[in-house]
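Please read the structure below before turning to the comments.
For ligands, and for the atoms within them, numbers begin at 1 and follow the listed sequence. Keep in mind that this is a model prediction, so the values were computed, not measured.
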Amino acid sequence: MRSGDRLALARLITHAENRTSALPAIMRAVHPHGSGAYVVGITGPPGAGKSTIVDRLTALLRAESATVGIVAVDPSSPFTGGAVLGDRIRMQAHALDSGVFIRSMASRGALGGLARATGDVVKLLAAAGFAWVLVETVGVGQTELDVMKLADTTVVVFVPGSGDAVQTMKAGLMEAADVFVVNKADRSGAPGLMAELKFAAHLQYTGPTARRDVDWETPVLATQADSDAGTADLLDTIRRHRELLEASGALEARRAARRRAELRALLAEELTGSLERRLAAADLGRTVEDVADGTIDLYTAAEAIRPMLSLGPS
Ligand SMILES: Nc1nc2c(ncn2[C@@H]2O[C@H](COP(=O)(O)OP(=O)(O)OP(=O)(O)O)[C@@H](O)[C@H]2O)c(=O)[nH]1
Ligand SMILES: [Mg+2]
């Protein structure tokens with residue numbers, strides 16, 4: 001993979017997706033090579049134009065000979081590895097370009113695992129030498145939020161006429177957004193939506209949950225991605241954000257915080273899995289039924305069950 005073998009990269013990504021037993025050794029081996037890439041997350045409602053934006057950003061970066069890895073994550077789709085979302089079709093312009101690698105990811109039931117799998121795929125792309133990694137994810141739910149936490153710069157895309165987009169935005173995404181984009185800005189309603197987003201961005205900037213490590217008020221940009229309007233400005237804005245993060249040391253501090261959180265999440269995930277296996281295997285006898293029919297209370301039951309779960313290494 002390190003010498004540019006795309007098939008090898010594709011195979012390693014499959015290990016990450018399927019959480020195979022080879023994965024820990026793979027991630028250990030790529031670890032020394034993994035921190036060069038700058039990661040941009042692009043999220044927003046279905047059909048907002050995220051893939052089109054990713055495609056345009058890729059073209060702009062390729063014009064400067066920068067290499068680009070793309071991960072399209074769709075938590076609502078059961079398909080994986082192949083052509084989901086039509087991204088492959090729309091991205092065919094880059095399909096034969098050895099400086100671009102595109103991969104679609106989808107849930108195979110284990111929603112919680114998708115963000116972690118995506119994190120590993122981003123690390124693999126970084127280790128493979130891609131200078132930029134663009135992560136597209138649809139929607140604004142918890143999984144998407146977790147996926148967006150992988151990004152150094154997070155772009156949230158809206159379209160005019162999509163209802164109360166700002167009001168219904170998942171709590172936490174407002175804080176996670178570094179750039180707001182109103183795509184399909186040719187539509188009526190764009191100026192109103194932009195004003196609304198600017199107001200929300202300013203409230204966030206002055207509010208108690210603002211991140212104070214850098215002085216950055218989330219800008220609101222207008223794009224028409226299908227005709228490439230505003231996309232160069234978007235890339236410039238992403239670059240400005242990157243430079244600010246780098247110059248202030250915030251990029252390294254945020255990445256360190258992210259790694260700590262990733263470790264905690266990995267351990268918690270392993271412990272939960274181990275606990276569930278033990279619970280399934282343990283002979284809980286009548287205790288569960290006694291709780292079910294109200295004969296005994298929860299605390300008494302938990303006390304009886306706890307010794308049967310002997311929680312050692314998973
Ligand atoms: N009118 C207009 N159409 C656009 C614009 N940008 C993208 N589109 C079109 O909108 C449709 C959806 O674009 P995508 O880029 O696939 O949107 P997406 O957010 O990636 O969609 P999902 O991944 O399915 O959630 C496509 O038909 C695009 O050609 C724009 O600025 N104006
Ligand atoms: Mg898409």
(Q) Within 2.8 Å of the Mg ion (ligand 2), is there any N, O or S atom belonging to S51? (A) yes
**Q.** Rounded distance [0.5 Å steps], CG in D290 versus CG in L284
**A.** 11.5 Å
Q: For Y38, enumerate each residue passing the ring-ring contact (aromatic ring centres under 6.0 Å, His included) test, keeping only those at least two apart in sequence or located in another chain.
A: W132
Q.
Please report whether ligand 1 has a polar contact with V138, defined as an N or O pair separated by less than 3.5 Å (distance criterion only).
A. no
Q: Compare every heavy atom of L251 with every heavy atom of E246, then report the nearest pair and how far apart it is.
A: CG-CD2, 3.6 Å
Q.
Give the atom numbers and elements of ligand 1 that come within less than 4.0 Å of a heavy atom of P46.
A. 25 (O)
Q: Provide the closest heavy-atom pair for R56 versus S227 in the form atom of the first, atom of the second, distance.
A: NH1-C, 4.5 Å
Q: Using only heavy-atom distances, determine whether the side chains of D55 and T58 contain a donor-acceptor pair under 3.5 Å.
A: no
Q. N/O of G47 under 3.5 Å from N/O of ligand 1, yes or no?
A. yes
Q: Please confirm whether A185 comes within less than 3.5 Å of ligand 1 when only nitrogen or oxygen atoms on both sides are compared.
A: no
Q | Selection from T52, V181, T43, D186 by shortest heavy-atom distance to atom 28 (C) of ligand 1 | A | T52
**Q.** Salt bridge present between D146 and R116 (N-O < 4.0 angstrom)
**A.** no
Q: Out of T223, V54, D226, indicate the one that has the non-hydrogen atom closest to atom 32 (N) of ligand 1.
A: D226
Q: Hydrophobic side-chain clustering at under 4.5 Å (ILVMFWY, transitive links): who's grouped with L266? Put none if nobody.
A: none
Q | E136 atom (N/O/S) at minimal separation from the Mg ion (ligand 2) | A | OE2
(Q) On a heavy-atom basis, I'd like to know which of K184, Q224, E136 is closest to atom 23 (O) of ligand 1. (A) E136
Q: Would you check whether I53 has a nitrogen or oxygen atom less than 3.5 angstrom from a nitrogen or oxygen atom of ligand 1?
A: no
